[in-house]
Amino acid sequence: MLEEITNLAEEVSLKRTAATHFVLVHGFGGGGWCWYKIRCLMEKSGYKVSTLDLKSAGIDPSDVDSVLSFDDYNKPLLDFLSSLPEYEQVVLVGHSAGGLSVTQATLKFPKKIRLAVYVAATMLKHGFLSDEDVKDGAPDLSEFGDVYELGFGLGANQPPTSGVVKKDFQRRIIYQMSPQEDSTLAAMLLRPGPLLALSTAQFKEEDDDHDDMGVLDKVPRVYVKTLHDHVVKPAQQDAMVKRWPPADVYVLDSDHSPFFSQPFLLFGFLVKAAEASHCREII
């Protein structure tokens with residue numbers, strides 16, 4: 001009898017693992033390749049995983065200086081979620097500027113997102129609407145000097161449309177605790193990100209006279225804080241968590257790229273958060 005119960009419990013656990021679909025979204029200048037360690041750990045454990053390239057990122061062929069709006073930039077994620085079966089729910093994970101992608105996707109497809117996870121990410125409920133939003137959510141790398149290579153797709157007298165951290169600064173700022181081989185890989189694959197599109201990202205919830213809780217607050221959220229982050233600094237992360245509190249906060253002794261510097265712990269946190277969200281659904 002005990003053996004039958006044990007076997008049944010294992011079968012249920014395996015089915016739940018197989019039913020959990022993680023969708024991993026990269027940050028500024030990155031691509032689906034950023035998640036290669038996490039994807040490997042998840043797939044070995046039986047989870048379904050999708051890693052996307054947003055427009056002009058990864059292997060997407062678009063010219064970054066032609067991507068001028070956040071809607072355009074985030075379209076690959078929205079198209080992907082739209083293509084999922086109506087009944088399917090995913091655990092949506094965003095890193096860094098990928099947090100903006102997660103927020104917009106949650107607004108557009110709340111019923112398809114079981115859990116939203118922000119990893120060292122910009123977690124602003126309405127995007128960059130105010131000076132406070134910029135202070136809390138936008139990276140300030142001025143302490144490191146002239147770190148950006150900028151693109152001016154609209155002309156030299158217009159605001160920059162793209163940017164990337166210069167190679168000489170990348171390890172010091174983004175990957176200082178990551179293995180050398182990973183920062184070397186990143187230096188080979190990192191592309192300019194659509195600076196103008198991201199800096200003008202703004203979101204608006206539709207009013208519902210029959211429900212006091214907004215769409216965004218109906219989807220459970222967790223935040224993964226990175227203690228040694230030079231990009232989205234710990235004080236910024238704390239400020240965003242305070243302004244829009246998630247259900248849980250996990251803390252990593254990591255740089256801005258925990259998928260490189262702390263992959264096993266990050267994997268464990270993501271699985272734990274997904275499991276907790278499943279338990280909340282049952283309750």
| said: Check this for me, if you would: do Asp229 and Lys233 make a salt bridge, where the nitrogen-to-carboxylate-oxygen distance has to be below 4.0 angstrom? | reply: no

| According to the interplanar angle, ranging from 0 to 90°, do the rings of Tyr175 and Phe260 count as parallel (below 30°), tilted (30 to 60°) or perpendicular (above 60°)? | tilted

| request: Using distance alone, with no hydrogens and no angle criterion, decide if Asp60 and Ser62 have a side-chain donor and acceptor under 3.5 Å apart. | output: yes

| query | Picking from Leu266, Val119, Ile174, what satisfies side-chain contact (heavy atoms from CB on, under 4.5 Å) with Ser257? | reply | Ile174

| message | Tell me every residue that passes side-chain hydrogen bond (donor to acceptor under 3.5 Å, both in side chains) with Trp244, counting only those two or more places apart in sequence or in another chain. | response | Asp217

| request: Keeping the roles fixed (side chain from Gln237, backbone from Ala121), state whether a donor-acceptor pair exists under 3.5 Å. | output: no

| remark: In terms of heavy-atom contacts, Tyr47 and Val271 come closest through OH-CG1, 3.1 Å

| salt_bridge(Lys166, Asp146) N-O dist < 4.0 Å | yes

| said: Do the side chains of Asp238 and Lys225 get close enough for a salt bridge, i.e. N-O under 4.0 angstrom? | reply: yes

| More than 12 heavy atoms of other groups within 6.0 Å of Asp79 CG | yes

| task | Could you list the residues that satisfy ring-ring contact (aromatic ring centres under 6.0 Å, His included) with Phe109, not counting sequence neighbours? | result | none

| said: So, using side-chain contact (heavy atoms from CB on, under 4.5 Å) as the criterion, who are the partners of Leu185 when residues are at least two apart? | reply: Tyr36, Leu189

| request: Kindly determine whether Glu205 and Leu107 satisfy side-chain contact (heavy atoms from CB on, under 4.5 Å), including the steps that lead there. | output: CA-CA 7 Å; Glu205 287 186 278; Leu107 269 174; 3.4 Å; yes

| Pair Lys272 + Asp248, salt bridge at N-O below 4.0 Å | no

| query | Is the gap between the ring centers of Phe70 and Phe203 under 6.0 Å? | reply | yes

| task | Tell me whether the centres of the aromatic rings in His228 and His256 are closer together than 6.0 Å. | result | no

| query | Taking Lys167 for the side chain and Ala187 for the main chain, is one N or O donor matched with an acceptor at less than 3.5 Å? | reply | yes

| said: Is the distance between the ring centroids of Phe144 and His230 under 6.0 Å? | reply: yes

| If you look at every heavy atom in Asp255 and Ser178, which pair is closest and at what distance? | OD2-OG, 2.9 Å

| said: If you count every heavy atom of other residues, nucleotides or ligands that lies below 6.0 Å from Lys37 atom NZ, does the total exceed 12? | reply: yes

| Nearest non-hydrogen partners of Pro194 and Tyr73, listed with the distance | CG-CD1, 3.4 Å

